[in-house]
Amino acid sequence: MAEALLNITDLRIEATSYPPGEPPKEVVLVDGVSLSLEKGKVLGLIGESGAGKSTIGLSSMAYGRGGVRLTGGVISLNGRDIRMASPAGLRALRGREVTYVAQSAAAAFNPAIKLMDQVIEASLSHGVMGRDEAEKRAVSLFAKLGLPHPESFGNRYPHQVSGGQLQRAMTAMALCPKPDLVIFDEPTTALDVTTQIEVLAAIKEAIHDTGVAALYITHDLAVVAQLADDILVLRHGKRVEYGSTRQIITAPQEAYTQALVSVRSIDHPEKPDAPAVLSVKGVTARYRGTNFDVLKNVSLDLPAGQTLAVVGESGSGKSTLARAITGLLPPSQGRINFAGRDLTREQRARSRDDLREIQMIYQMADTAMNPRQTVGTIVGRPLEFYFGLKGEAKRKRIQDLLDQIEMGKGFIDRYPAELSGGQKQRVCIARALAAKPKLIICDEVTSALDPLVADGILKLLLSLQAQENVAYLFITHDLATVKAIADRIAVMYRGEVVRYGTKSDVLAPPFDDYTDLLLSSVPELELGWLETVLKHRKMEAAGN
């Protein structure tokens, strides 16, 4: 057996929690976790939010953020326990032996400094190499990671490159000082599937070519299966299962791992055609102060009680279409017919019924709710505003809505900070339902959630649709979600609808080039999927 680069034994990590109105209490974040990683290998850390993935990853550089304390266990890197290292020893370690790739490269880069200066900073500050050698290595990494014009790419500022390019630049920054270990913390979670596959391929090739070891943190089992040699499944800070990628994917032993493997198994047969509750005809729109159209002649219909999934990569116009429908961005051309009546272009000119019957659920439940209001106040606001409910009648209706979203008793007086991510999103669903809408626009409502939680939200939405006959305009870039919930699909690209129809028609060949790219970029839970897709694309590019 090869020598282990990283050995973590019986790791225990704690923090202090400060519940509102209660005395502080100690919380165990990671409890007795052990792992081992050899040189040149990749270990995937997988689990839901709060499982301890990032906390364990950061512990491999003896770091705990936000008051987190490493209180037990041994963290051995290159044969020494780095928990015992001095502050000076840790400064020498971080950015040299161990480097880190954050989830949001946009938040990790300094917007006022050129990319090259940031990519080579660690190499220079640790004295690994001189500036000329560091810049030469950075350019070679830019080329290896498939970045455009690698010789001049470093002269750009962070805002002058795309999200996928910035994530690859951060990978170059992590690899530049020739570390022994790189921690990848959800590096593709915020990316579109088309961009994600490029970044995954670049990361995999860079790991292989440089021989660096890596911890790859994610909640997407299909993604980690393309990169990892072994997988550690975590839940509530404890180890659930640990084994080779093949064993975890093909023969999981624990019930939780089996649930992760089988997630997104929803089978939603499309409904037959029906009269449209929403009809968008020839809508063109642009943002004030710009001279180009972000929506171009968009037309589509959404039957009552059905789900239309609007898919496409970032910048394709999905959320802009939602803004046009709700009146937040008045179209310059075209018309929007809802429930048999033409809607005025601007929201402020719409009737109260227009506002009530079209509701929205946002991607980030955290920012969509007032943290100083209780669940009862949040859900009760539309009941009072639209129906004048007060007192006991209002409280009873709030409780009925909470029962409907399967949150039952005990939540009405809680604050958002006391809820999990999935519970917060359910409260947002209850708030939308309180208005008794005919249409709910769901803007990436599951993209920030763990797979099992997202699966529960999708099942809840389908159940509520059956009960209330509400229509959903479901905006997403996740094709697995589309297959699980949609009756119809509209594929958008650069502000235009390039493919539209029933789910069975849109997902059946022959495909246009963009739809084919989109569908083939969705990671599948099978070993070797990434290599197969890349090989197929290279053959197509060669004209075969």
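Quick note: residue numbers are just sequence positions, from 1.
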- Positive for side-chain contact (heavy atoms from CB on, under 4.5 Å) with Thr188, one of Asp220, Val199, Thr218: Val199
- Item | Phe474: which of Val310, Asp443, Thr481 passes side-chain contact (heavy atoms from CB on, under 4.5 Å) | Thr481
- Taking the six-membered ring of Tyr242 (Phe, Tyr or Trp), confirm whether the NZ or CZ of Arg239 is under 6.0 Å from its centre and within 45° of its axis. no
Output all residues satisfying side chain to side chain contact (heavy atoms under 4.5 Å, CB included) with [X], sequence neighbours left out; order by chain, then residue number.
{"X": "Val240", "answer": "Val233, Arg235, Glu254, Tyr256, Thr257"}
{"X": "Ala106", "answer": "Ser104, Leu166"}
{"X": "Ser76", "answer": "Asn7, Val74"}
{"X": "Ala62", "answer": "Ile82, Leu90, Arg94"}

- Task: Using the test side-chain hydrogen bond (donor to acceptor under 3.5 Å, both in side chains), find all partners of Gln306 that sit at least two apart in sequence or belong to another chain.
- Result: none
- Query: For Asn110, what residues pass the side-chain hydrogen bond (donor to acceptor under 3.5 Å, both in side chains) criterion, not counting sequence neighbours?
  - Reply: none
- Summary of salt bridge (Lys or Arg N to Asp or Glu O under 4.0 Å) pairs that have at least one residue in residues 67-81, sequence neighbours excluded: Glu26-Arg69, Arg80-Glu97
- Message: Under the salt bridge (Lys or Arg N to Asp or Glu O under 4.0 Å) definition, can you give me all pairs with a residue in residues 52-66, not counting sequence neighbours?
- Response: none
Would you tabulate the side-chain donor-acceptor contacts of residues 138-146 under 3.5 Å, counting partners in other chains and residues two or more places apart, or write 'none'?
from: Ser140; atom 1: OG; to: Arg137; atom 2: O; distance (Å): 2.7

Side-chain donor-acceptor contacts of residues 169-182 below 3.5 Å, not counting sequence neighbours, with atom names and distances?
from: Thr171; atom 1: OG1; to: Gln167; atom 2: O; distance (Å): 3.2
from: Asp180; atom 1: OD2; to: Asn78; atom 2: ND2; distance (Å): 3.0

- Query: Is the number of heavy atoms from other residues, nucleotides or ligands under 6.0 Å of Lys503 NZ greater than 12?
  - Reply: yes
- Message: Strictly distance-based, threshold 3.5 Å: is any side-chain N or O of Arg488 a donor or acceptor partner for the main-chain N or O of Thr502?
- Response: no
- Message: According to ring-ring contact (aromatic ring centres under 6.0 Å, His included), who are the partners of Tyr514, at least two apart in sequence or on a separate chain?
- Response: Tyr493
Can I get a per-line list of side-chain donor-acceptor pairs under 3.5 Å for residues 203-210, giving both atom names and the distance, sequence neighbours left out?
from: Lys204; atom 1: NZ; to: Gln226; atom 2: O; distance (Å): 2.6
from: Lys204; atom 1: NZ; to: Glu531; atom 2: OE2; distance (Å): 2.3
from: Thr210; atom 1: OG1; to: Ala206; atom 2: O; distance (Å): 2.6

